[in-house]
Number of protein chains: 2
Amino acid sequence: MRKGSPTSKTRPGRSAKRDIEAPDQRVVRSRRTILDATTQLLSERGLSGATVDEISRRSGVAKTTIYRHWPTRIDLLRDACSKLGTPLEAPDAGNFEGDAIALTSKLARMLRSAQWTSVLPSIIDAAEREPDIADMYSRLQQGYSAPFEAIIRRALRKGELPANTDAATLIAALTGPLFYRRWFSREPLTDAFAKRIVRLAIGGAVPRGGSNHKPQMI
Amino acid sequence: MRKGSPTSKTRPGRSAKRDIEAPDQRVVRSRRTILDATTQLLSERGLSGATVDEISRRSGVAKTTIYRHWPTRIDLLRDACSKLGTPLEAPDAGNFEGDAIALTSKLARMLRSAQWTSVLPSIIDAAEREPDIADMYSRLQQGYSAPFEAIIRRALRKGELPANTDAATLIAALTGPLFYRRWFSREPLTDAFAKRIVRLAIGGAVPRGGSNHKPQMI
DNA sequence: ACTTTACGCTACGATACCGTATCGTAGCGT
DNA sequence: ACGCTACGATACGGTATCGTAGCGTAAAGT
(Lines give C-alpha, C1' and ligand atoms only; values in the text may rest on other atoms or scores of the structure.)
Protein backbone atom coordinates (compact mmCIF):
# COMPACT_ATOMS: atom_id res chain seq x y z
CA MET A 1 0.00 0.00 0.00
CA ARG A 2 2.99 2.24 0.05
CA LYS A 3 5.12 3.43 -2.84
CA GLY A 4 5.88 -0.02 -4.14
CA SER A 5 2.53 -0.40 -5.83
CA PRO A 6 3.32 -1.35 -9.42
CA THR A 7 0.85 0.74 -11.34
CA SER A 8 0.26 4.24 -10.27
CA LYS A 9 2.97 5.05 -7.82
CA THR A 10 5.91 4.89 -10.19
CA ARG A 11 5.52 8.07 -12.20
CA PRO A 12 7.00 8.19 -15.69
CA GLY A 13 9.89 10.53 -16.46
CA ARG A 14 11.19 10.80 -12.92
CA SER A 15 14.43 8.89 -12.85
CA ALA A 16 17.51 10.94 -13.78
CA LYS A 17 18.31 14.31 -15.26
CA ARG A 18 18.43 12.51 -18.57
CA ASP A 19 14.67 12.87 -18.47
CA ILE A 20 15.10 16.56 -18.84
CA GLU A 21 17.75 16.65 -21.53
CA ALA A 22 16.56 13.72 -23.66
CA PRO A 23 13.13 12.80 -22.40
CA ASP A 24 11.54 9.50 -23.28
CA GLN A 25 9.46 10.06 -26.38
CA ARG A 26 6.70 7.84 -25.09
CA VAL A 27 6.28 10.10 -22.09
CA VAL A 28 6.13 13.37 -23.97
CA ARG A 29 3.74 11.89 -26.51
CA SER A 30 1.42 10.57 -23.81
CA ARG A 31 1.40 13.81 -21.88
CA ARG A 32 0.78 15.90 -24.97
CA THR A 33 -1.98 13.64 -26.26
CA ILE A 34 -3.70 13.54 -22.91
CA LEU A 35 -3.48 17.28 -22.37
CA ASP A 36 -4.76 18.01 -25.87
CA ALA A 37 -7.76 15.76 -25.43
CA THR A 38 -8.39 17.28 -22.03
CA THR A 39 -8.45 20.87 -23.21
CA GLN A 40 -10.65 19.95 -26.13
CA LEU A 41 -13.07 18.15 -23.85
CA LEU A 42 -12.98 21.02 -21.40
CA SER A 43 -13.98 23.41 -24.14
CA GLU A 44 -16.89 21.24 -25.14
CA ARG A 45 -18.27 20.17 -21.81
CA GLY A 46 -16.68 22.20 -19.06
CA LEU A 47 -14.93 20.97 -15.95
CA SER A 48 -17.62 18.57 -14.82
CA GLY A 49 -17.85 17.05 -18.28
CA ALA A 50 -14.13 16.33 -18.50
CA THR A 51 -14.16 12.75 -17.36
CA VAL A 52 -11.11 10.57 -17.12
CA ASP A 53 -12.80 7.78 -19.01
CA GLU A 54 -13.82 10.15 -21.77
CA ILE A 55 -10.36 11.68 -21.94
CA SER A 56 -8.99 8.19 -22.26
CA ARG A 57 -11.44 7.34 -25.01
CA ARG A 58 -10.69 10.44 -27.06
CA SER A 59 -6.96 10.47 -26.65
CA GLY A 60 -6.61 6.76 -27.17
CA VAL A 61 -4.42 6.66 -24.09
CA ALA A 62 -5.27 4.07 -21.49
CA LYS A 63 -6.85 5.33 -18.31
CA THR A 64 -4.12 3.70 -16.25
CA THR A 65 -1.54 5.70 -18.16
CA ILE A 66 -3.36 8.90 -17.35
CA TYR A 67 -3.17 8.07 -13.68
CA ARG A 68 0.51 7.30 -14.07
CA HIS A 69 1.06 10.93 -15.05
CA TRP A 70 -1.38 12.76 -12.80
CA PRO A 71 -2.25 11.48 -9.35
CA THR A 72 -5.82 12.66 -9.58
CA ARG A 73 -8.37 13.91 -12.07
CA ILE A 74 -8.34 17.38 -10.56
CA ASP A 75 -4.57 17.64 -10.95
CA LEU A 76 -4.91 16.88 -14.63
CA LEU A 77 -7.65 19.45 -15.06
CA ARG A 78 -5.71 22.12 -13.17
CA ASP A 79 -2.69 21.39 -15.31
CA ALA A 80 -4.68 21.63 -18.53
CA CYS A 81 -6.47 24.79 -17.44
CA SER A 82 -3.28 26.55 -16.46
CA LYS A 83 -2.02 26.11 -20.04
CA LEU A 84 -5.13 27.53 -21.68
CA GLY A 85 -5.01 30.13 -24.41
CA THR A 86 -2.27 32.34 -25.74
CA PRO A 87 -1.30 35.60 -24.10
CA LEU A 88 -2.28 38.90 -25.70
CA GLU A 89 0.54 41.19 -26.73
CA ALA A 90 0.40 44.86 -25.90
CA PRO A 91 0.07 46.85 -29.13
CA ASP A 92 1.73 50.20 -29.77
CA ALA A 93 -0.47 52.41 -31.87
CA GLY A 94 1.12 55.65 -30.74
CA ASN A 95 -1.68 56.84 -28.54
CA PHE A 96 -3.80 55.36 -25.80
CA GLU A 97 -7.05 55.25 -27.70
CA GLY A 98 -5.46 53.35 -30.53
CA ASP A 99 -3.85 50.92 -28.14
CA ALA A 100 -7.08 50.41 -26.28
CA ILE A 101 -9.09 49.80 -29.41
CA ALA A 102 -6.56 47.36 -30.77
CA LEU A 103 -6.36 45.46 -27.51
CA THR A 104 -10.07 45.26 -26.79
CA SER A 105 -10.70 44.18 -30.37
CA LYS A 106 -8.21 41.41 -29.93
CA LEU A 107 -9.86 40.42 -26.68
CA ALA A 108 -13.28 40.50 -28.31
CA ARG A 109 -12.08 38.30 -31.12
CA MET A 110 -10.64 35.88 -28.61
CA LEU A 111 -13.80 35.76 -26.53
CA ARG A 112 -16.03 35.07 -29.49
CA SER A 113 -13.92 32.62 -31.46
CA ALA A 114 -11.36 30.88 -29.28
CA GLN A 115 -13.01 27.64 -28.25
CA TRP A 116 -11.22 27.38 -24.95
CA THR A 117 -12.95 30.48 -23.61
CA SER A 118 -16.13 28.47 -23.18
CA VAL A 119 -14.58 26.68 -20.25
CA LEU A 120 -14.20 29.92 -18.30
CA PRO A 121 -17.66 29.95 -16.69
CA SER A 122 -16.99 26.50 -15.44
CA ILE A 123 -13.66 27.54 -13.95
CA ILE A 124 -15.14 30.63 -12.40
CA ASP A 125 -17.91 28.58 -10.90
CA ALA A 126 -15.40 26.21 -9.34
CA ALA A 127 -13.27 29.14 -8.17
CA GLU A 128 -16.27 30.38 -6.24
CA ARG A 129 -15.86 27.48 -3.85
CA GLU A 130 -12.42 25.94 -4.29
CA PRO A 131 -9.41 28.08 -3.38
CA ASP A 132 -6.83 26.23 -5.46
CA ILE A 133 -8.96 26.63 -8.56
CA ALA A 134 -9.24 30.29 -7.66
CA ASP A 135 -5.45 30.53 -7.50
CA MET A 136 -5.03 28.84 -10.84
CA TYR A 137 -7.62 31.12 -12.38
CA SER A 138 -6.15 34.30 -11.02
CA ARG A 139 -2.84 33.50 -12.69
CA LEU A 140 -4.74 32.93 -15.92
CA GLN A 141 -6.63 36.18 -15.53
CA GLN A 142 -3.43 38.01 -14.70
CA GLY A 143 -2.10 37.07 -18.12
CA TYR A 144 -4.98 38.70 -19.89
CA SER A 145 -5.09 41.90 -17.92
CA ALA A 146 -1.33 42.43 -18.05
CA PRO A 147 -1.23 43.98 -21.55
CA PHE A 148 -3.97 46.40 -20.51
CA GLU A 149 -1.89 47.40 -17.54
CA ALA A 150 1.02 47.91 -19.90
CA ILE A 151 -0.74 50.32 -22.22
CA ILE A 152 -2.22 52.18 -19.27
CA ARG A 153 1.16 52.61 -17.65
CA ARG A 154 2.59 53.89 -20.89
CA ALA A 155 -0.29 56.33 -21.31
CA LEU A 156 0.29 57.55 -17.77
CA ARG A 157 3.96 58.14 -18.50
CA LYS A 158 3.07 60.11 -21.60
CA GLY A 159 0.47 62.13 -19.75
CA GLU A 160 -2.39 60.84 -21.86
CA LEU A 161 -4.25 59.81 -18.75
CA PRO A 162 -4.76 61.72 -15.50
CA ALA A 163 -2.13 60.86 -12.93
CA ASN A 164 -4.75 59.73 -10.45
CA THR A 165 -6.23 57.19 -12.83
CA ASP A 166 -6.93 53.86 -11.17
CA ALA A 167 -5.62 51.22 -13.55
CA ALA A 168 -7.79 48.41 -12.19
CA THR A 169 -10.92 50.47 -12.62
CA LEU A 170 -10.02 51.45 -16.14
CA ILE A 171 -9.27 47.84 -17.04
CA ALA A 172 -12.65 46.86 -15.67
CA ALA A 173 -14.31 49.58 -17.71
CA LEU A 174 -12.56 48.46 -20.88
CA THR A 175 -12.77 44.71 -20.59
CA GLY A 176 -15.71 44.13 -18.27
CA PRO A 177 -18.33 44.97 -20.88
CA LEU A 178 -16.81 42.43 -23.25
CA PHE A 179 -17.01 39.60 -20.74
CA TYR A 180 -20.48 40.81 -19.85
CA ARG A 181 -21.55 40.78 -23.45
CA ARG A 182 -20.21 37.30 -24.01
CA TRP A 183 -21.72 35.58 -21.02
CA PHE A 184 -24.18 37.71 -19.12
CA SER A 185 -26.17 39.48 -21.79
CA ARG A 186 -25.33 36.92 -24.48
CA GLU A 187 -25.45 39.46 -27.30
CA PRO A 188 -23.16 39.58 -30.34
CA LEU A 189 -19.63 40.57 -29.44
CA THR A 190 -18.38 42.52 -32.44
CA ASP A 191 -15.31 44.65 -33.00
CA ALA A 192 -17.66 47.60 -33.39
CA PHE A 193 -18.99 46.95 -29.90
CA ALA A 194 -15.47 46.87 -28.52
CA LYS A 195 -14.73 50.17 -30.20
CA ARG A 196 -17.88 51.75 -28.80
CA ILE A 197 -16.91 50.61 -25.32
CA VAL A 198 -13.46 52.15 -25.63
CA ARG A 199 -14.91 55.43 -26.83
CA LEU A 200 -17.35 55.40 -23.94
CA ALA A 201 -14.71 54.65 -21.35
CA ILE A 202 -12.26 57.18 -22.72
CA GLY A 203 -14.38 59.94 -24.09
CA GLY A 204 -17.80 59.59 -22.62
CA ALA A 205 -21.14 59.67 -24.26
CA VAL A 206 -22.30 62.94 -22.77
CA PRO A 207 -21.29 66.37 -24.04
CA ARG A 208 -19.13 68.02 -21.43
CA GLY A 209 -21.38 70.96 -20.75
CA GLY A 210 -24.28 68.93 -19.42
CA SER A 211 -27.66 68.26 -20.99
CA ASN A 212 -29.54 69.85 -23.88
CA HIS A 213 -26.43 70.41 -25.92
CA LYS A 214 -25.82 69.04 -29.35
CA PRO A 215 -24.87 65.40 -28.79
CA GLN A 216 -21.50 64.25 -29.97
CA MET A 217 -21.31 61.27 -32.27
CA ILE A 218 -20.11 58.05 -30.79
CA MET B 1 -45.55 1.45 -16.97
CA ARG B 2 -48.09 3.99 -18.08
CA LYS B 3 -49.85 6.66 -16.05
CA GLY B 4 -51.27 4.31 -13.48
CA SER B 5 -48.00 4.00 -11.65
CA PRO B 6 -48.77 4.73 -8.03
CA THR B 7 -45.82 6.85 -7.05
CA SER B 8 -44.67 9.52 -9.36
CA LYS B 9 -47.19 9.74 -12.12
CA THR B 10 -50.01 11.18 -10.05
CA ARG B 11 -48.95 14.77 -9.50
CA PRO B 12 -50.29 16.58 -6.43
CA GLY B 13 -52.56 19.56 -6.84
CA ARG B 14 -53.86 18.64 -10.26
CA SER B 15 -57.45 17.58 -9.74
CA ALA B 16 -59.97 20.41 -9.89
CA LYS B 17 -60.02 24.19 -9.97
CA ARG B 18 -60.46 23.95 -6.26
CA ASP B 19 -56.71 23.44 -6.21
CA ILE B 20 -56.28 26.98 -7.42
CA GLU B 21 -58.80 28.70 -5.15
CA ALA B 22 -58.21 26.73 -1.95
CA PRO B 23 -55.10 24.68 -2.52
CA ASP B 24 -54.20 21.78 -0.29
CA GLN B 25 -51.96 23.11 2.45
CA ARG B 26 -49.78 20.03 2.33
CA VAL B 27 -48.99 20.74 -1.29
CA VAL B 28 -48.07 24.37 -0.86
CA ARG B 29 -45.99 23.58 2.20
CA SER B 30 -44.07 20.85 0.42
CA ARG B 31 -43.41 22.92 -2.65
CA ARG B 32 -42.25 25.89 -0.65
CA THR B 33 -40.00 23.84 1.62
CA ILE B 34 -38.45 22.04 -1.29
CA LEU B 35 -37.90 25.20 -3.31
CA ASP B 36 -36.37 26.99 -0.33
CA ALA B 37 -33.92 24.19 0.34
CA THR B 38 -33.10 24.03 -3.33
CA THR B 39 -32.24 27.70 -3.69
CA GLN B 40 -30.18 27.60 -0.54
CA LEU B 41 -28.29 24.58 -1.76
CA LEU B 42 -27.84 26.16 -5.18
CA SER B 43 -26.24 29.17 -3.56
CA GLU B 44 -23.83 27.04 -1.62
CA ARG B 45 -22.84 24.45 -4.18
CA GLY B 46 -24.07 25.49 -7.59
CA LEU B 47 -26.15 23.51 -10.03
CA SER B 48 -24.10 20.35 -9.96
CA GLY B 49 -24.06 20.33 -6.16
CA ALA B 50 -27.82 20.58 -5.85
CA THR B 51 -28.61 16.92 -5.47
CA VAL B 52 -32.06 15.50 -4.98
CA ASP B 53 -30.95 13.43 -2.03
CA GLU B 54 -29.34 16.45 -0.41
CA ILE B 55 -32.39 18.61 -1.06
CA SER B 56 -34.46 15.91 0.56
CA ARG B 57 -32.14 15.75 3.54
CA ARG B 58 -32.15 19.50 4.12
CA SER B 59 -35.79 20.13 3.53
CA GLY B 60 -36.92 17.13 5.49
CA VAL B 61 -39.18 16.25 2.58
CA ALA B 62 -38.99 12.72 1.29
CA LYS B 63 -37.29 12.22 -2.04
CA THR B 64 -40.34 10.52 -3.45
CA THR B 65 -42.39 13.57 -2.64
CA ILE B 66 -39.96 15.73 -4.56
CA TYR B 67 -40.43 13.55 -7.59
CA ARG B 68 -44.17 13.78 -7.15
CA HIS B 69 -43.91 17.53 -7.72
CA TRP B 70 -41.21 17.75 -10.37
CA PRO B 71 -40.76 15.03 -12.95
CA THR B 72 -37.02 15.42 -13.01
CA ARG B 73 -34.20 17.03 -11.11
CA ILE B 74 -33.54 19.51 -13.89
CA ASP B 75 -37.14 20.68 -13.83
CA LEU B 76 -36.85 21.43 -10.13
CA LEU B 77 -33.61 23.32 -10.63
CA ARG B 78 -35.01 25.33 -13.53
CA ASP B 79 -38.02 26.17 -11.44
CA ALA B 80 -35.93 27.29 -8.48
CA CYS B 81 -33.53 29.29 -10.65
CA SER B 82 -36.30 31.12 -12.42
CA LYS B 83 -37.48 32.44 -9.06
CA LEU B 84 -34.08 33.72 -7.97
CA GLY B 85 -33.52 37.16 -6.54
CA THR B 86 -35.67 40.24 -6.31
CA PRO B 87 -36.00 42.72 -9.17
CA LEU B 88 -34.27 46.08 -8.96
CA GLU B 89 -36.47 49.14 -9.09
CA ALA B 90 -35.58 52.04 -11.32
CA PRO B 91 -34.68 55.07 -9.16
CA ASP B 92 -35.54 58.64 -10.02
CA ALA B 93 -32.81 61.00 -8.88
CA GLY B 94 -33.74 63.76 -11.29
CA ASN B 95 -30.85 63.34 -13.67
CA PHE B 96 -29.21 60.46 -15.44
CA GLU B 97 -25.98 60.43 -13.53
CA GLY B 98 -27.82 60.23 -10.23
CA ASP B 99 -30.02 57.43 -11.52
CA ALA B 100 -27.05 55.54 -12.87
CA ILE B 101 -25.08 55.84 -9.66
CA ALA B 102 -28.03 54.76 -7.55
CA LEU B 103 -28.78 51.79 -9.76
CA THR B 104 -25.24 50.54 -10.18
CA SER B 105 -24.68 50.87 -6.45
CA LYS B 106 -27.74 48.75 -5.83
CA LEU B 107 -26.48 46.22 -8.32
CA ALA B 108 -23.04 46.21 -6.73
CA ARG B 109 -24.57 45.63 -3.32
CA MET B 110 -26.60 42.78 -4.70
CA LEU B 111 -23.63 41.17 -6.41
CA ARG B 112 -21.50 41.27 -3.33
CA SER B 113 -23.98 40.34 -0.63
CA ALA B 114 -26.96 38.45 -2.04
CA GLN B 115 -26.09 34.81 -1.58
CA TRP B 116 -28.03 33.62 -4.57
CA THR B 117 -25.73 35.46 -6.97
CA SER B 118 -23.08 32.85 -6.40
CA VAL B 119 -25.09 30.39 -8.43
CA LEU B 120 -24.86 32.58 -11.53
CA PRO B 121 -21.55 31.22 -12.86
CA SER B 122 -22.99 27.77 -12.62
CA ILE B 123 -26.09 28.81 -14.57
CA ILE B 124 -24.05 30.61 -17.17
CA ASP B 125 -21.85 27.60 -17.59
CA ALA B 126 -24.87 25.39 -18.16
CA ALA B 127 -26.39 27.97 -20.51
CA GLU B 128 -23.28 27.68 -22.64
CA ARG B 129 -24.40 24.21 -23.66
CA GLU B 130 -28.07 23.74 -22.81
CA PRO B 131 -30.58 25.91 -24.66
CA ASP B 132 -33.39 25.63 -22.13
CA ILE B 133 -31.10 26.81 -19.36
CA ALA B 134 -30.08 29.65 -21.65
CA ASP B 135 -33.72 30.60 -22.08
CA MET B 136 -34.37 30.53 -18.37
CA TYR B 137 -31.29 32.64 -17.75
CA SER B 138 -32.11 35.23 -20.36
CA ARG B 139 -35.44 35.88 -18.66
CA LEU B 140 -33.57 36.29 -15.39
CA GLN B 141 -31.04 38.63 -16.95
CA GLN B 142 -33.80 40.59 -18.61
CA GLY B 143 -35.17 41.43 -15.19
CA TYR B 144 -31.93 42.99 -14.07
CA SER B 145 -31.22 45.03 -17.16
CA ALA B 146 -34.77 46.36 -17.43
CA PRO B 147 -34.36 49.18 -14.87
CA PHE B 148 -31.22 50.32 -16.66
CA GLU B 149 -33.17 50.47 -19.87
CA ALA B 150 -35.79 52.49 -18.07
CA ILE B 151 -33.45 55.18 -16.82
CA ILE B 152 -31.72 55.34 -20.21
CA ARG B 153 -35.02 55.79 -22.03
CA ARG B 154 -35.98 58.54 -19.64
CA ALA B 155 -32.64 60.26 -20.12
CA LEU B 156 -33.09 60.05 -23.87
CA ARG B 157 -36.52 61.67 -23.61
CA LYS B 158 -35.08 64.47 -21.55
CA GLY B 159 -32.19 64.96 -23.93
CA GLU B 160 -29.60 64.05 -21.35
CA LEU B 161 -28.13 61.47 -23.67
CA PRO B 162 -27.37 61.74 -27.39
CA ALA B 163 -30.26 60.50 -29.50
CA ASN B 164 -28.07 57.93 -31.19
CA THR B 165 -27.05 56.32 -27.93
CA ASP B 166 -27.17 52.53 -28.06
CA ALA B 167 -28.88 51.44 -24.88
CA ALA B 168 -27.43 47.92 -24.89
CA THR B 169 -23.91 49.26 -25.18
CA LEU B 170 -24.42 51.75 -22.40
CA ILE B 171 -25.90 49.05 -20.17
CA ALA B 172 -22.87 46.90 -20.87
CA ALA B 173 -20.57 49.79 -20.03
CA LEU B 174 -22.38 50.45 -16.76
CA THR B 175 -23.00 46.94 -15.48
CA GLY B 176 -20.36 44.86 -17.24
CA PRO B 177 -17.49 46.13 -15.07
CA LEU B 178 -19.42 45.12 -11.96
CA PHE B 179 -19.94 41.55 -13.10
CA TYR B 180 -16.34 41.52 -14.24
CA ARG B 181 -15.13 42.72 -10.89
CA ARG B 182 -17.17 40.13 -9.04
CA TRP B 183 -16.19 37.06 -10.99
CA PHE B 184 -13.42 37.68 -13.49
CA SER B 185 -10.98 39.92 -11.67
CA ARG B 186 -12.22 38.92 -8.22
CA GLU B 187 -11.43 42.28 -6.65
CA PRO B 188 -13.51 44.09 -4.03
CA LEU B 189 -16.79 45.37 -5.42
CA THR B 190 -17.47 48.57 -3.53
CA ASP B 191 -19.96 51.35 -4.03
CA ALA B 192 -17.02 53.64 -4.74
CA PHE B 193 -16.02 51.38 -7.59
CA ALA B 194 -19.53 51.50 -9.00
CA LYS B 195 -19.47 55.27 -8.84
CA ARG B 196 -16.13 55.46 -10.62
CA ILE B 197 -17.48 53.23 -13.38
CA VAL B 198 -20.50 55.45 -13.86
CA ARG B 199 -18.30 58.54 -14.01
CA LEU B 200 -16.06 56.84 -16.55
CA ALA B 201 -18.93 55.69 -18.72
CA ILE B 202 -20.68 59.03 -18.60
CA GLY B 203 -17.99 61.57 -18.38
CA GLY B 204 -14.81 59.90 -19.46
CA ALA B 205 -11.44 59.88 -17.84
CA VAL B 206 -9.67 61.94 -20.44
CA PRO B 207 -9.84 65.70 -20.64
CA ARG B 208 -11.74 66.65 -23.75
CA GLY B 209 -8.98 68.63 -25.42
CA GLY B 210 -6.59 65.68 -25.79
CA SER B 211 -3.40 64.94 -23.96
CA ASN B 212 -1.10 67.07 -21.85
CA HIS B 213 -3.88 69.05 -20.30
CA LYS B 214 -4.63 69.33 -16.65
CA PRO B 215 -6.44 66.14 -15.76
CA GLN B 216 -9.92 66.42 -14.40
CA MET B 217 -10.63 64.77 -11.12
CA ILE B 218 -12.68 61.61 -11.25
C1' DA C 1 -67.45 8.49 8.90
C1' DC C 2 -65.52 7.65 4.62
C1' DT C 3 -62.92 8.58 0.53
C1' DT C 4 -59.43 10.80 -1.76
C1' DT C 5 -55.11 12.76 -1.87
C1' DA C 6 -50.58 13.63 -0.35
C1' DC C 7 -46.69 12.24 2.25
C1' DG C 8 -42.80 9.20 4.49
C1' DC C 9 -39.88 5.30 4.36
C1' DT C 10 -37.13 1.62 2.67
C1' DA C 11 -35.48 -0.70 -0.77
C1' DC C 12 -34.10 -1.10 -5.29
C1' DG C 13 -32.11 -1.03 -10.35
C1' DA C 14 -29.37 1.47 -13.39
C1' DT C 15 -25.60 4.44 -14.49
C1' DA C 16 -21.58 7.03 -14.20
C1' DC C 17 -17.36 7.97 -12.38
C1' DC C 18 -13.03 7.65 -9.58
C1' DG C 19 -9.02 5.34 -8.71
C1' DT C 20 -6.45 0.71 -8.31
C1' DA C 21 -4.75 -4.11 -9.24
C1' DT C 22 -2.91 -7.28 -12.28
C1' DC C 23 -0.81 -8.92 -16.05
C1' DG C 24 1.08 -8.77 -20.58
C1' DT C 25 3.55 -6.11 -24.22
C1' DA C 26 6.22 -2.72 -26.62
C1' DG C 27 9.57 0.78 -26.85
C1' DC C 28 13.80 2.93 -25.12
C1' DG C 29 18.58 3.31 -23.49
C1' DT C 30 22.95 1.05 -23.03
C1' DA D 1 20.92 -8.38 -26.65
C1' DC D 2 19.13 -7.22 -22.36
C1' DG D 3 16.96 -4.82 -18.73
C1' DC D 4 14.34 -0.94 -17.45
C1' DT D 5 10.60 1.88 -18.22
C1' DA D 6 6.29 3.08 -20.03
C1' DC D 7 2.04 1.72 -22.05
C1' DG D 8 -2.45 -1.12 -22.95
C1' DA D 9 -6.35 -3.89 -21.57
C1' DT D 10 -9.42 -5.76 -18.46
C1' DA D 11 -11.41 -6.18 -14.40
C1' DC D 12 -12.54 -4.54 -10.14
C1' DG D 13 -14.21 -2.07 -5.54
C1' DG D 14 -16.29 1.91 -3.91
C1' DT D 15 -19.24 5.74 -4.10
C1' DA D 16 -22.67 8.97 -5.70
C1' DT D 17 -26.74 9.97 -8.03
C1' DC D 18 -31.00 9.52 -10.63
C1' DG D 19 -35.44 7.90 -10.68
C1' DT D 20 -39.00 4.12 -9.37
C1' DA D 21 -41.75 0.41 -6.65
C1' DG D 22 -44.30 -0.79 -3.01
C1' DC D 23 -45.84 -0.25 0.94
C1' DG D 24 -48.08 2.16 5.25
C1' DT D 25 -49.75 6.54 7.34
C1' DA D 26 -51.58 11.07 7.90
C1' DA D 27 -54.15 14.82 6.51
C1' DA D 28 -57.26 16.95 3.81
C1' DG D 29 -62.06 17.15 1.49
C1' DT D 30 -67.10 15.66 1.44
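Residue numbers begin at 1 in each chain, while the letters A, B, ... track the order of the sequences. This one's a predicted model, so the numbers in the text were calculated from it and none came from an experiment.
- Contact check for B/P71 versus B/R11: side-chain heavy atoms found under the 4.5 Å cut-off.
- At whole-Å resolution of the value, CG in A/D24 and C1' in C/dG29 are 9 Å apart.
- Each of D/dA9, C/dC28, C/dG8 was ranked by its minimum atom distance to the side chain of A/A62; first place goes to D/dA9.
- As rounded to whole Å, 14 Å separates atom P of D/dT17 from atom CG of B/L47.
- The distance from the SG atom of B/C81 to the CG atom of B/L47 is 5.0 Å, given to the nearest 0.5 Å.
- The side chain of A/Y67 approaches C/dG19 more closely than any other nucleotide in the set C/dG19, C/dG8, C/dT5.
- Here C/dA6 is the nucleotide among C/dA26, C/dG19, C/dA6 with the atom lying nearest to any side-chain atom of B/P12.
- The base of C/dG19 sits with one of its N or O atoms less than 3.5 Å from a complementary donor or acceptor on the side chain of A/K63.
- With rounding to the nearest 0.5 Å, the separation of CG in A/L156 from CD in A/E149 is 10.5 Å.
- Residue A/R32 qualifies as open at atom CZ: its count of foreign heavy atoms under 6.0 Å is 12 or below.
- When both distances must be under 3.5 Å, the Watson-Crick or G-U wobble mate of C/dT25 is D/dA6.
- Rounded to an integer number of Å, the gap from A/R26 CZ to D/dG8 P is 10 Å.
- Distances from the side chain of A/T64 to the nucleotides C/dT20, C/dA6, C/dC28 place C/dT20 closest.
- When the nucleotides C/dC18, D/dC7, C/dA6 are ranked by their closest atom to the side chain of A/R73, C/dC18 comes out on top.
- Of all nucleotides listed (C/dC7, D/dC7, D/dT10), D/dC7 comes nearest to the side chain of A/V27.
- Among the nucleotides D/dG8, D/dG22, C/dA26, the one closest to the side chain of B/R68 is D/dG22.
- When heavy atoms are screened at a 4.0 angstrom cut-off, A/G49 is found touching no nucleic acid atom at all.
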